[in-house]
Amino acid sequence: MRDWLAGIEAAWLDAERLTDPGFVPPPSASASDLGLRAAVLEVIDGVAARLAAATQNRVWPPKLPGLVPALAEVVEKVDADLGFRLFLRVLKSSALPIGPREHQAFLAVGERFGYPDLVEEGYLHVVPAVT
């Protein structure tokens, strides 16, 4: 998988350098920002028990035991940005009810990454009664 991703990155860099031979990609903002990692881990932790229950106690789609720890591991060991994006995908695909406070926290983290619209893209099941 890493080789495949490296190939995609190399193709992207080649394409960028066709128009700008001196192109240097910007560093990943989340790679070294411990505050971003902590913020993503905090929003994951805020729904961890409910998300684990929702993804482990079902017949279809297949159960996903260990999903929440895997998301946290991506954030801690790979990249906070990727971990947050995966987290959002899981929330949207599971239709886990979230409260307005959680929704605002997700928007705030998305804003820090520079993509608050990504939080709103798709379907987040925001329910006023969930706290």
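For the side chain to side chain contact (heavy atoms under 4.5 Å, CB included) test, residues two or more places apart in sequence or in another chain that qualify with Leu41 are Ala72, Val75, Glu76. Residues passing the side chain to side chain donor-acceptor pair (under 3.5 Å) test with Arg112: none are found, sequence neighbours excluded.
Contact between Leu71 and Gly83 at its shortest, heavy atoms only, is CD2-O, 4.4 Å. Across all their heavy atoms, Ala105 and Val43 have their closest contact at CB-CG1, 3.9 Å. Residues Ser94 and Leu51 come closest through the heavy atom pair OG-CD1, 4.0 Å. Summarising the geometry of Gly110 relative to Val119, their closest heavy-atom pair is CA-CG2, 4.3 Å, with the distance given to 0.1 Å.
Considering only heavy atoms from C-beta on, Phe84 stays 4.5 Å or farther from Leu36 through its side chain. Contact annotation: the side chain of Leu96 never approaches that of His125 to less than 4.5 Å [non-hydrogen atoms, C-beta and beyond]. Under the 4.5 Å side-chain criterion, counting only non-hydrogen atoms from C-beta, Tyr115 is in contact with Arg85. By the 4.5 Å heavy-atom criterion applied to side chains, Glu16 and Asp20 are not counted as neighbours. Counting heavy atoms from C-beta on, the side chains of Leu18 and Asp14 never come closer than 4.5 Å. You'll find the side chain of Ile98 reaches within 4.5 Å of the side chain of Phe106, heavy atoms only.
A distance-only check finds no donor-acceptor pair linking the side chain of Arg37 to the backbone of Ala80 [under 3.5 Å]. Looking only at distances, no side-chain donor or acceptor of Gln56 sits under 3.5 Å from a matching main-chain atom of Ala53.
Around CZ of Arg17, the count of heavy atoms belonging to other residues, nucleotides or ligands within 6.0 Å exceeds 12.
Between the CZ atom of Phe87 and the CG atom of Leu67 there is a distance of 10.0 Å, given to the nearest 0.5 Å. Considering CG of Asp81 and CG of Leu86, their distance stands at 9.5 Å, rounded to 0.5 Å.
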Side chain to side chain contact (heavy atoms under 4.5 Å, CB included) assessment of Val74 paired with Asp79: CA-CA 6 Å; Val74 169; Asp79 184 67; 5.8 Å; no
